[in-house]
Each structure stands twice: as C-alpha cells, then as structure tokens.
Amino acid sequence: MTKEDAAALLYLRLSKPPYLEELIGLVLEGLELDASRLQSAPYSRLELSKAIGATTLQELDESLREILLREVGEVSGALPEGYRGVVKDLLLLQDLELALVDSGRLSSQYAFVRACGEGDLGCLIKRYVEKLRGSMEDTGEETSGPLSVVALALYGIFVRHALSWKKLGLKQVMDTEAAFNELVRPLGGAGLVYYSGALSRFPSIASLWEKDPVRYLAEEAKIVTETSKTALYFPGGLLNLLTHFLITRYYESKLLRVLVSRRVLRVG
C-alpha cells in the first residue's frame with residue numbers, strides 16, 4: 001500500500017464513531033456507555049461491542065486489549081515497511097505506564113530499559129523517546145511534531161501518576177516539568193510550540209485529581225488529543241496521522257474502561 005493509501009485508511013478509521021470527543025463528554029457528564037448507544041450511530045465500530053458488553057472488569061480489560069492489538073495489527077500490515085517500527089514503539093506507551101507503577105513490569109528485552117538503572121524513570125523516558133525518534137527518522141518525514149505530541153502524552157501520564165504518589169505519600173518524584181522540557185527542547189520546530197502551549201493547560205486541572213481522578217483523566221485526554229489533532233491530524237502526512245491515531249486509541253481505551261466499568265460495578 002502506498003503512503004497516500006495508508007493515510008486514507010487512517011482517516012477512514014478515525015472517522016468512525018464513537019469519537020473521542022464524545023467519550024470525553026460522557027465521562028465528564030458521569031454517564032455510561034452501552035451497546036445501544038454504539039449501535040444507534042451510523043458506521044460505528046461494532047467491534048467494540050464485545051468490550052462494551054463485558055460483565056467483569058477482567059473481561060473488559062482483556063477485550064479492550066484484544067481490540068486494540070487487532071486493529072493496530074491490521075493498520076501495521078497496511079503500512080509501508082519503514083513505518084512499522086513506529087507502531088511497535090508507540091505501543092510501548094502502555095508498558096511505560098505500567099513501569100511507573102512497577103519498574104519491573106517493563107521487560108529488560110528492550111535495550112533502552114537495560115541502559116537505565118532500576119527505578120530511574122527519567123532515564124527510561126529519555127531513552128524511550130530516543131528510540132522512538134530513531135524509528136520516526138527512518139520514515140524520512142519530519143519528526144518534531146509527532147515526537148512533541150508523544151512527549152506531551154508521556155508528560156500527562158507521568159503527572160497523573162505523580163499526583164497519585166504525592167497524595168499517598170509513597171515516593172519522591174523528579175522535577176517533572178524540568179525533565180520534560182529538557183527532553184523536548186532539542187526537538188525544535190512547530191512541535192515545540194504546540195507542546196509548550198498544551199503544557200500551560202495542565203496546572204488548571206491539577207486540583208481535579210484529589211476530587212475526581214476520572215474527570216482528571218478526561219481533561220488530560222482532551223488536552224493531549226486536541227493538541228494532537230491540531231499539530232498532526234489537520235496538517236496530515238502519514239507519520240503525523242499514524243502518531244495521532246495511536247495516541248487517540250490509547251486514550252480511547254482508557255475512557256472506554258471508565259464508561260463501561262461504571263455499568264459493570266453498578267450491576268455487580
């Protein structure tokens with residue numbers, strides 16, 4: 001498949017409901033998501049029905065993971081060869097998030113993990129971005145925008161967990177903003193402008209964490225994905241669209257879990 005055809009495929013997949021903006025709205029309104037809402041929207045992604053109909057949290061998590069990996073596998077198979085490394089690296093975002101909770105959860109099979117001391121989160125994030133930069137540069141496209149959006153997502157993930165650690169008094173965290181500024185500044189280009197603008201929105205939602213962590217997650221998703229849409233989706237280009245697609249699907253899985261678990265826990 002040509003780059004143009006692959007980009008068209010990503011636009012098509014992103015055009016099918018439920019849209020991320022709708023999921024964010026449902027979370028903020030305290031609502032649930034059921035199969036009838038999905039089926040009533042034309043051209044909906046009916047493959048989500050299994051996850052939406054889950055009856056336990058374990059079934060929900062397994063279904064969401066299965067759906068994500070199947071779709072990403074289909075997309076990856078349609079991409080030109082040079083872009084598949086980007087997909088593999090971006091899928092590591094969820095593993096990196098797990099590593100924030102337990103550094104042992106990130107497999108030492110990855111060279112960037114072995115290069116860091118145990119529990120050195122700053123090193124892990126820096127090495128991961130370096131690995132991703134190499135994969136993106138292999139495509140021959142401009143990398144500043146996509147890398148800055150990924151760094152923004154990583155910042156959101158890290159801050160979310162840092163707020164939790166702070167609340168529980170579990171551990172001392174690094175100077176998050178300084179560490180990420182050091183990471184992103186060398187990228188330069190328009191991506192740095194988008195990153196800096198989005199970063200300024202995070203302090204306004206920090207107080208939400210103590211009162212309503214779910215609402216905080218929805219606001220985080222809004223900041224990151226609105227920035228991604230402006231920086232990557234609208235300008236287009238296969239690398240931009242691929243990055244936006246995978247960041248969007250990451251947050252979609254998070255929000256779907258919230259919306260469906262509300263029903264599962266209420267019924268259970």
Side-chain angles (χ1 to χ4, degrees), residues 1-25 33 37-52 63-94 132-153 187 189-191 193-195 198 221-256:
M1 187 175 284
T2 66
K3 289 169 62 173
E4 292 74 19
D5 287 343
L9 173 65
L10 290 171
Y11 274 126
L12 178 63
R13 287 184 179 266
L14 287 165
S15 71
K16 293 184 176 184
Y19 303 117
L20 194 71
E21 295 85 352
E22 177 188 0
L23 300 181
I24 290 171
L33 181 65
R37 185 187 292 270
L38 182 72
Q39 292 163 359
S40 65
Y43 310 111
S44 286
R45 291 161 54 217
L46 295 179
E47 63 270 23
L48 293 175
S49 297
K50 182 179 179 181
I52 292 172
S63 297
L64 287 173
R65 184 69 175 169
E66 178 188 331
I67 291 165
L68 175 65
L69 291 178
R70 185 190 309 124
E71 183 178 31
V72 169
E74 291 169 357
V75 167
S76 184
L79 292 171
E81 184 68 35
Y83 291 79
R84 293 173 190 170
V86 176
V87 175
K88 290 179 182 177
D89 286 348
L90 285 174
L91 277 178
L92 287 174
L93 269 178
Q94 295 200 24
L132 180 60
R133 180 191 290 115
S135 297
M136 287 185 170
E137 287 175 346
D138 287 344
T139 69
E141 293 196 43
E142 171 59 46
T143 63
S144 172
L147 282 171
S148 294
V149 169
V150 173
L152 182 65
L187 300 178
V193 176
Y194 289 120
Y195 175 86
K222 183 189 293 189
I223 292 172
V224 175
T225 57
E226 283 180 354
T227 303
S228 182
K229 200 164 191 175
T230 302
L232 306 179
Y233 179 84
F234 291 131
L238 183 52
L239 180 59
N240 281 350
L241 286 171
L242 181 60
T243 305
H244 175 72
F245 170 77
L246 290 165
I247 292 293
T248 298
R249 289 297 190 254
Y250 165 79
Y251 278 108
E252 177 186 85
S253 291
K254 293 284 184 190
L255 297 172
L256 283 172

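No hydrogens, no waters, no symmetry mates; every other heavy atom, side chains included, goes into these values. Because the structure is a prediction, the values reported are computed rather than measured.
- Here R84 pairs with E81 under the side-chain hydrogen bond (donor to acceptor under 3.5 Å, both in side chains) rule; sequence neighbours left out.
- Using a 4.5 Å heavy-atom threshold, the side chains of E71 and R45 count as touching.
- Panel note: side chain E22, backbone I24; no donor-acceptor pair is recorded below 3.5 Å.
- For the pair M1 and L79, the minimum side-chain heavy-atom distance is 4.5 Å or more.
- Using a 4.5 Å cut-off on side-chain heavy atoms (C-beta onward), S148 and V193 make no contact.
- Checked for salt-bridge contact, E47 and R70 miss the test: no charged N lies under 4.0 Å from a carboxylate O.
- Qualifying side chain to side chain contact (heavy atoms under 4.5 Å, CB included) partners for K50, counting only residues two or more places apart in sequence or in other chains: S63, E66.
- No side-chain heavy atom of L246 sits less than 4.5 Å from a side-chain heavy atom of V75.
- Heavy atoms only, all atoms of each residue included: N240 and P235 are closest at ND2-CB, 4.2 Å.
- Taking each heavy atom of G191 and S144 in turn, the nearest pair found is N-OG, 3.4 Å.
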Walk me through whether L132 and V150 qualify under side chain to side chain contact (heavy atoms under 4.5 Å, CB included).
CA-CA 9 Å; L132 180 60; V150 173; 3.6 Å; yes
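- Scanning for side chain to side chain contact (heavy atoms under 4.5 Å, CB included) contacts around T230 gives Y194, with sequence neighbours left out.
- What you find for L239 and E142 is that their closest heavy atoms are CD2-O, 3.7 Å.
- Between A51 and L64, the shortest heavy-atom distance links the atoms CB-CD2, 3.8 Å.
- A distance of 10.0 Å separates CG of L255 from OH of Y250, quoted to the nearest 0.5 Å.
- Nearest heavy-atom pair, V86 versus S135, reported as atom, atom and distance to 0.1 Å: CG2-O, 3.6 Å.
- One finds the CG atom of L14 at 10.0 Å from the OH atom of Y19 (value rounded to the nearest 0.5 Å).
- Residues S228 and T243 are not in side-chain contact: their nearest non-hydrogen atoms beyond the backbone lie 4.5 Å or more apart.
- Taking the side chain to side chain contact (heavy atoms under 4.5 Å, CB included) definition, one finds that A153 meets it with V224, I247, Y251, sequence neighbours left out.
- Between L90 and V72, the closest side-chain pair of non-hydrogen atoms is not below 4.5 Å.
- For the pair H244/V149, no side-chain contact is recorded, criterion being any heavy-atom separation below 4.5 Å from C-beta on.
- Residue pairs meeting the salt bridge (charged side-chain N to carboxylate O under 4.0 Å, His left out) criterion with at least one member in residues 227-242, sequence neighbours excluded, are E21-K229.
- Residues R13 and R249 approach most closely at O-NH2, 3.4 Å, considering heavy atoms.
- Side-chain atoms of L91 and K88, non-hydrogen and from C-beta on, never get closer than 4.5 Å to each other.
- Side-chain atoms of T139 come within 3.5 Å of backbone N or O of E141 as a donor-acceptor pair.
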Check: residues 2-12 side-chain donor-acceptor pairs under 3.5 Å, at least two apart:
residue : atom : partner : partner atom : Å
T2      : OG1  : D5      : N            : 3.1
T2      : OG1  : D5      : OD2          : 3.3
K3      : NZ   : Y83     : OH           : 3.4
Y11     : OH   : Y233    : O            : 3.2

